[in-house]
Colleague: 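Submitted below is the structure of interest, expressed as structure tokens.
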Protein chains: 2
Amino acid sequence: MTTTEGSIHELVEHRLRQSDLRYTPGRRAIVELLLRRGQPASIADVEAALPQVPRSSAYRHLVDLQGVGVVRRVAANDDFTRFELAEDLTEHHHHLLCTSCGSVTDVTPTEAFEHAVHAMVEEFSRQEGFAPLSHSLDVLGHCQRCR
Amino acid sequence: MTTTEGSIHELVEHRLRQSDLRYTPGRRAIVELLLRRGQPASIADVEAALPQVPRSSAYRHLVDLQGVGVVRRVAANDDFTRFELAEDLTEHHHHLLCTSCGSVTDVTPTEAFEHAVHAMVEEFSRQEGFAPLSHSLDVLGHCQRCR
DNA sequence: CCATAGAACAAGACTCAGTCTCAATACAAC
DNA sequence: GTTGTATTGAGACTGAGTCTTGTTCTATGG
Ligand SMILES: [Mn+2]
Ligand SMILES: [Mn+2]
Ligand SMILES: [Zn+2]
Ligand SMILES: [Zn+2]
């Protein structure tokens, strides 16, 4: 994936406009934070990094951005939802979930592996009459800091 | 996996005893429900199937059973946690998550596919200093009823 | 038998991440 | 400038899930 940072912002603005939404400073601050972090962020992370963005606004922005396909929710192994940029703005990847501290780490699979996953997903779906849209592979275990 | 229903109950009782817990009728009713359903159950499912088990007791039983490795939490694509029997009492499998109604369907992978997954998980983990314990593959899409 | 300690239970209070409401502002288009 | 619509922040609200508490079982042994 060779999406440049600038083109990402253009794309975000375009998608918001499609829904008559503006790319305001608050929304942009959140997108920039997610870009900068490169790892899923919790609301606590957002608040810590963007104290000027009220919690209720941060939640609303994340919901709006998710609605236009810019942000994706990530379920971790604790009570807190995380958020990251949608895969079509970054690249397809999977997650290592720490069962001790709840942290989430991105990892990128090889193409050969993804081919095998797609084939298996197609097989599952055919069996069950399911229409697949995407998949996620989570590895549970202990992160480097927690081992 | 050839675990018979009887041997599952023996195993559950043994694991509870290890923690000085008894295999009481309420706990057994929940294990039997999960066995019978063969699909992840929400608290609403448990309440509907076992009206004699109070909600607070059902939650406590599920927490206790999870604590001794008999039950596993399953995150769906809605606000409701689901529960299923731990994989070592049934068999390793993956999930089809409906993004429309939230339903979760079990699917069993081929051995060849699981070998590929294990290899990839080892590779991810080595890269990140992560100690893997298990993995889950979720397919998002629309179930047969919702398409 | 009865006594006793610890596990189990039911009911309901409580928590708090996440959502919703509403009044006040900022924009964009004309 | 006027107007219609999107945006924003503060705080009220929701509800799945957890905790507390008083009571009831049940295993053990004297
Ligand atoms: Mn990610
Ligand atoms: Mn399952
Ligand atoms: Zn960790
Ligand atoms: Zn469905």
Side-chain angles (χ1 to χ4, degrees), chain A residues 12-33 40-68 70-84 101-104, chain B residues 12-33 40-68 70-84 101-104:
Chain A
V12 171
E13 180 161 21
H14 182 253
R15 291 191 186 173
L16 286 167
R17 284 219 172 118
Q18 299 284 96
S19 300
D20 292 310
L21 298 176
R22 304 178 198 140
Y23 197 23
T24 59
R27 288 172 180 155
R28 184 167 180 128
I30 285 178
V31 170
E32 283 174 347
L33 170 62
S42 63
I43 272 287
D45 294 331
V46 174
E47 278 193 297
L50 306 174
Q52 78 279 14
V53 178
R55 182 186 297 233
S56 63
S57 298
Y59 271 118
R60 179 157 28 73
H61 291 149
L62 288 164
V63 168
D64 292 343
L65 290 167
Q66 191 187 17
V68 299
V70 167
V71 159
R72 174 170 79 150
R73 275 170 203 262
V74 178
N77 212 59
D78 55 22
D79 291 336
F80 307 98
T81 299
R82 318 283 165 118
F83 301 89
E84 66 180 6
C101 71
S103 71
V104 181
Chain B
V12 171
E13 181 160 20
H14 182 251
R15 290 192 186 172
L16 285 168
R17 285 219 170 119
Q18 300 284 95
S19 300
D20 292 311
L21 298 176
R22 304 178 199 142
Y23 197 23
T24 60
R27 288 172 180 156
R28 183 165 182 132
I30 285 179
V31 170
E32 283 174 347
L33 169 62
S42 64
I43 272 287
D45 295 331
V46 174
E47 279 193 297
L50 307 173
Q52 77 280 14
V53 178
R55 182 187 297 233
S56 63
S57 297
Y59 271 118
R60 180 163 25 78
H61 291 149
L62 287 164
V63 168
D64 292 343
L65 289 167
Q66 190 187 16
V68 300
V70 166
V71 159
R72 175 170 79 148
R73 275 171 202 262
V74 177
N77 212 58
D78 55 21
D79 291 338
F80 307 98
T81 300
R82 317 284 165 118
F83 301 88
E84 66 179 8
C101 71
S103 72
V104 181

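Letters go in sequence order (proteins before strands), and every chain restarts at 1. Side chains are part of it too, since the values below use all heavy atoms of this structure and drop only hydrogens, waters and symmetry mates.
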Colleague: Could you encode protein contacts along nucleotides 11-20 of chain D as a string, one character per nucleotide from 5' to 3', using B for base contact, S for sugar-phosphate-only contact and - for no contact, with a heavy-atom cut-off of under 4.0 Å?
Modeller: B----SBB--
Colleague: If you look at every heavy atom in B/Leu33 and B/Val46, which pair is closest and at what distance?
Modeller: CD2-CA, 3.8 Å
Colleague: Just call it for A/Thr24: base, sugar-phosphate, or nothing, with non-hydrogen atoms closer than 4.0 Å on any strand.
Modeller: sugar-phosphate
Colleague: From CZ of A/Arg28 over to C1' of C/dA26, roughly how many Å is that when rounded to an integer?
Modeller: 19 Å
Colleague: Using whole Å, what does the distance between atom P of nucleotide C/dC9 and atom CG of B/Leu62 come to?
Modeller: 12 Å
Colleague: Enumerate all atom pairs, one protein N or O and one N or O from nucleotides 3-5 of chain C, separated by less than 3.5 Å.
Modeller:
none

Colleague: Would you say B/His61 places a side-chain N or O within less than 4.0 Å of OP1 or OP2 belonging to C/dA8?
Modeller: no
Colleague: In whole angstrom, give the distance that lies between atom CD of B/Glu13 and atom P of D/dA27.
Modeller: 11 Å
Colleague: Could you check how far CG of A/Leu65 sits from C1' of D/dA6, rounded to whole Å?
Modeller: 15 Å
Colleague: Please name the pair of heavy atoms, one in B/Ala58 and one in B/Ile43, separated by the smallest distance, quoted to 0.1 Å.
Modeller: CB-CD1, 4.3 Å
Colleague: I want to check something: taking the side chain as every heavy atom from C-beta on, are B/Leu65 and B/Leu16 in contact at a cut-off of under 4.5 Å?
Modeller: yes
Colleague: With a 4.5 Å cut-off on side-chain heavy atoms, are A/Phe83 and A/Arg72 touching?
Modeller: no
Colleague: B/Gly102 and B/Arg82: which non-hydrogen atoms are nearest, and at how many Å?
Modeller: O-NH2, 3.1 Å
Colleague: Taking the side chain as every heavy atom from C-beta outward, state whether A/Ser57 and A/His61 have any pair of such atoms under 4.5 Å apart.
Modeller: yes
Colleague: Just how far, in rounded Å, is C1' of C/dA28 from CG of A/Leu21?
Modeller: 14 Å
Colleague: Check the distance between C/dT19's P and A/Asp64's CG and give it to me in whole angstrom.
Modeller: 11 Å
Colleague: Rounded to the nearest Å, what distance is computed from the CG atom of residue A/Leu16 to the C1' atom of nucleotide C/dC27?
Modeller: 15 Å
Colleague: Are A/Val12 and A/Arg27 side-chain neighbours, meaning at least one heavy-atom pair lies under 4.5 Å?
Modeller: no
Colleague: Indicate yes or no: at least one non-hydrogen side-chain atom of A/Asp64 is less than 4.5 angstrom from one of A/Arg60.
Modeller: yes
Colleague: With a 4.0 Å cut-off on heavy atoms, is A/Arg27 in touch with a base, just the backbone sugar-phosphate, or nothing at all?
Modeller: sugar-phosphate
Colleague: Do the non-hydrogen side-chain atoms of B/Leu50 and B/Ile30 ever get within less than 4.5 Å of each other?
Modeller: yes
Colleague: May I have the distance from B/Arg17 (atom CZ) to D/dT26 (atom C1'), rounded to whole angstrom?
Modeller: 12 Å
